[in-house]
Number of protein chains: 2
Amino acid sequence: MADKREHILTVAEELFGEKGFDGTSVRDIALKAGVNLAMISYYFGSKEKLLESLIELRAGYAYGILEELNKDQSLSPWDKINRLVEFYVDRVLNNLPFHNIMYREATNVRSDEIRDRLISIKMRNLEQITKIITDGQQKKLFREVDIAMTVGTLMGTISSYTQSRPYACQILALGYDVSEETYRTKLAPRLKAHLKQLLRAHLDIKNEE
Amino acid sequence: MADKREHILTVAEELFGEKGFDGTSVRDIALKAGVNLAMISYYFGSKEKLLESLIELRAGYAYGILEELNKDQSLSPWDKINRLVEFYVDRVLNNLPFHNIMYREATNVRSDEIRDRLISIKMRNLEQITKIITDGQQKKLFREVDIAMTVGTLMGTISSYTQSRPYACQILALGYDVSEETYRTKLAPRLKAHLKQLLRAHLDIKNEE
DNA sequence: GTTTAATTCAAACGTTTGTTTAATTTTGTG
DNA sequence: CACAAAATTAAACAAACGTTTGAATTAAAC
């Protein structure tokens with residue numbers, strides 16, 4: 001085991017994502033990670049600080065790519081929107097546990113520190129997306145829209161199908177207990193196609209009323 | 001106290017919505033409800049069955065109105081979509097705790113019974129919305145869209161601003177700790193306006209590509 | 001090879017958890 | 001009023017919780 005600390009974090013991430021922070025005991029984590037119970041206090045100090053460490057580890061998981069996307073002068077605003085959709089769908093589906101933690105525990109996390117950290121991550125991403133949209137507006141490609149709400153639509157649509165997998169499987173007419181792999185490969189293209197079509201119509205200045 | 005049983009359910013709803021099912025102890029509930037600890041087992045049998053009772057109580061909270069909306073022959077599909085938006089935004093904002101339970105606990109509820117119940121509620125609502133959209137398509141007003149994904153967009157957009165109130169306040173540039181009342185009165189019209197504009201562009205057959 | 005520090009461990013700590021008990025009080029009925 | 005059923009209570013239950021302890025083991029440094 002190369003880095004035991006990170007291994008514990010990964011296991012905790014899976015369990016928190018699946019059963020929630022309060023629904024997961026440190027004994028669950030120790031057992032699944034194959035380490036002694038006391039190691040969690042040894043490495044992280046407490047269960048809550050373990051969560052903080054996890055968030056710190058994954059915090060920048062979107063920002064870098066968004067910034068790059070923004071700087072790319074060769075892409076039209078429409079290209080950027082489509083890449084944004086691709087990027088977010090893939091990003092969420094490839095980091096399902098952490099995404100679920102972000103969007104499930106964000107509200108009721110006890111520590112102000114963690115909550116503010118999560119909010120600031122979201123705000124930073126919102127800024128980048130805002131830049132893309134205002135750029136499209138200045139180039140007279142996009143119409144006036146409520147940008148913050150539009151970002152809520154993007155993230156909310158994805159979340160509505162990732163937060164409850166049994167429901168998603170039902171909707172998508174997949175088998176009742178389908179593998180993680182086929183779940184993602186079925187969901188991703190459908191989410192992408194829908195969001196591209198949706199944002200295309202929503203943003204297009206030709207659809208101005 | 002007229003109906004103590006229902007009072008306990010209401011208090012539990014608030015706490016579950018705020019701190020999650022696992023984050024709420026039966027002692028928390030008893031204390032806030034002003035009843036003896038043992039009354040919860042006396043009335044409901046267990047904490048888990050209390051949650052089941054709560055879901056049973058609020059289960060039909062959307063279906064009836066949706067069905068009515070569908071039957072109303074005097075409304076055009078566009079009217080129905082707008083009413084649908086109005087209805088859902090109001091419904092969610094007026095039942096925030098239960099909505100949060102539905103969309104937060106749905107994934108990780110241990111009991112298959114509860115999970116299947118929640119899924120069947122969602123599926124029933126999806127059916128009604130599907131009817132509205134297919135009706136609009138038959139009347140050559142709406143274009144071809146992914147209906148299940150569109151419903152996900154509707155619910156997901158709302159949820160993204162109700163699941164994390166501190167974040168929503170930040171985005172909406174409200175004060176840091178604004179009252180429940182002003183939070184709702186600021187959020188509701190903005191959500192409605194955005195969703196109407198969004199669905200208008202998304203569904204309009206004139207925006208077919 | 002010895003010494004020091006870092007790691008791992010089984011066991012126990014004191015709380016809190018959901019639930020049950022058994023006695024008591026309140027309520028409704030004849 | 002008398003009696004049975006329902007409701008309420010304080011106290012206790014065992015189990016699970018997050019965390020700490022102190023000894024044992026491993027690794028690193030000199």
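As the structure is a prediction and not an experimental result, all values here were calculated from the model.
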Checklist entry - Whole Å only: how far is the CZ atom of B/F44 from the P atom of C/dT20? => result 15 Å
Next on the checklist: Going by salt bridge (Lys or Arg N to Asp or Glu O under 4.0 Å), A/D90 matches just one of A/K192, A/R83, A/R184. Which one?
Outcome noted: A/K192
Checklist entry - Please give, in whole Å, the distance from D/dA15 C1' to A/D28 CG? => result 14 Å
Checklist entry - Is DNA chain D part of any stem, that is, at least 3 consecutive Watson-Crick or G-U pairs with both distances under 3.5 Å, and where? => result C:1-30 with D:1-30
Next on the checklist: I need the CG-C1' distance between B/L50 and C/dT17, as an integer number of Å.
Outcome noted: 16 Å
Checklist entry - Over how many whole Å does the gap from A/K47 atom NZ to D/dA16 atom P extend? => result 15 Å
Checklist entry - So what does B/S25 touch, heavy atoms closer than 4.0 Å: a base, only the sugar-phosphate, or nothing? => result sugar-phosphate
Checklist entry - Looking only at side chains, do A/H194 and A/T157 share a donor and an acceptor under 3.5 Å apart? => result no
Item to check | Distance-only polar pair, side chains of B/S179 and B/T182, donor-acceptor under 3.5 Å | outcome: yes
Next on the checklist: Without decimals, in angstroms, what is the distance between A/E48 CD and D/dC17 C1'?
Outcome noted: 15 Å
Checklist entry - Base, backbone or nothing for each nucleotide of nucleotides 8-14 of chain D, written B, S, -, heavy atoms under 4.0 angstrom, 5' to 3'? => result BBB-B--
Item to check | Atom-pair distance (CG on B/D22; P on D/dG18), nearest Å | outcome: 11 Å
